[in-house]
Amino acid sequence: MTFTSFAPAISKAALKKISGTVRRWRLDRRTGQTLADLAQWMNPIVRGWMQYYGRFNRSALYSFLQRINAYLVRFLRHKFKRVRSFKKARMGWQRITSQYPKAFAHWAWVNTF
């Protein structure tokens, strides 16, 4: 009996639980807030998840963090009329991530959507 390896990563159940939590936030409907408000509110929570679940295998969280970015893009598209089209939303996203690279905690690992 040979033990090859063990890669501790987030379990499917835990990933499903935190994904449901982010979905329940309904970020796209919080158009009364600014991105800075969202960042201030979300960063401690997401940073905690990154530190706990990404301790040994951070790449297992990449798709989840990209999904958070997709929710943020949806927020931008609902908040601002001029970025409703996907092409303009992508350009706006690139501008925001380059101007404020440390606005959201998870952008240290993933800033694409």
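Just so it is clear, the values below take in all heavy atoms, side chains as well, and ignore hydrogens, waters and symmetry mates.
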query: In Å and rounded to the nearest 0.5 Å, what is the CZ to CZ distance from Phe75 to Arg29?
result: 12.5 Å
message: Show every side chain to side chain donor-acceptor pair (under 3.5 Å) that has at least one partner inside residues 84-106, sequence neighbours left out.
response: Asn69-His106
statement: Rounding to 0.5 Å, atoms CZ (Arg30) and CG (Asp37) come to a distance of 10.5 Å
query: Looking only at heavy atoms, which two atoms of Lys79 and Gly32 are closest? And how far apart?
result: NZ-C, 4.4 Å
task: Dump the intermediate steps for side chain to side chain contact (heavy atoms under 4.5 Å, CB included) on Tyr71 and Arg23, then the final yes or no.
output: CA-CA 8 Å; Tyr71 292 139; Arg23 248 189 327 275; 3.2 Å; yes
- request: With sequence neighbours excluded, tell me which residues meet side chain to side chain donor-acceptor pair (under 3.5 Å) with Thr31.
  value: none
- prompt: Is there a chain of hydrophobic side chains (I, L, V, M, F, W, Y, each step under 4.5 Å between heavy atoms) that links Phe86 to Met91?
  reply: no
message: Nearest 0.5 angstrom please: Leu72 CG to Asp28 CG, how far?
response: 10.0 Å
message: Just to verify, what does Pro44 make a side-chain contact (heavy atoms from CB on, under 4.5 Å) with, not counting sequence neighbours?
response: none
- request: Not counting sequence neighbours, which residues clear side chain to side chain donor-acceptor pair (under 3.5 Å) with Ser19? List them please.
  value: Arg67
task: Under the side-chain contact (heavy atoms from CB on, under 4.5 Å) rule, collect the residues that match up with Asn43, sequence neighbours excluded.
output: Ala39, Arg47, Phe104, Ala105
- prompt: Honestly curious: do Phe56 and Tyr62 fall in one hydrophobic cluster under the side-chain, below-4.5 Å linking rule?
  reply: no
- prompt: Are Trp41 and Val73 joined in one hydrophobic group, where the rule is that I, L, V, M, F, W and Y side chains link up if heavy atoms are under 4.5 Å apart?
  reply: yes
- prompt: Roughly how far, to the nearest 0.5 Å, is OG1 of Thr112 from CD of Gln66?
  reply: 4.0 Å
query: Which distance, rounded to the nearest 0.5 Å, do you find between the OG1 of Thr21 and the CD1 of Ile45?
result: 9.0 Å
- prompt: Looking at side-chain heavy atoms only, is the closest gap between Met42 and Trp25 below 4.5 Å?
  reply: yes
- prompt: Can you name the residues that form a ring-ring contact (aromatic ring centres under 6.0 Å, His included) with Phe64, not counting sequence neighbours?
  reply: Trp49
query: How long is the span from the CG atom in Leu27 to the NE2 atom in His78, to the nearest 0.5 Å?
result: 11.5 Å
side-chain contact (heavy atoms from CB on, under 4.5 Å) partners for Arg82, two or more places apart: none
- line: For Ser11, the side chain to side chain donor-acceptor pair (under 3.5 Å) test, sequence neighbours excluded, returns none
Residue pairs involving residues 51-60 (criterion side chain to side chain donor-acceptor pair (under 3.5 Å); sequence neighbours excluded): Asn57-Ser59
- prompt: Any side-chain heavy atom of Leu61 within less than 4.5 Å of one from Val110?
  reply: no
- request: For Gln33, check side chain to side chain donor-acceptor pair (under 3.5 Å) against everything at least two apart and list the hits.
  value: none
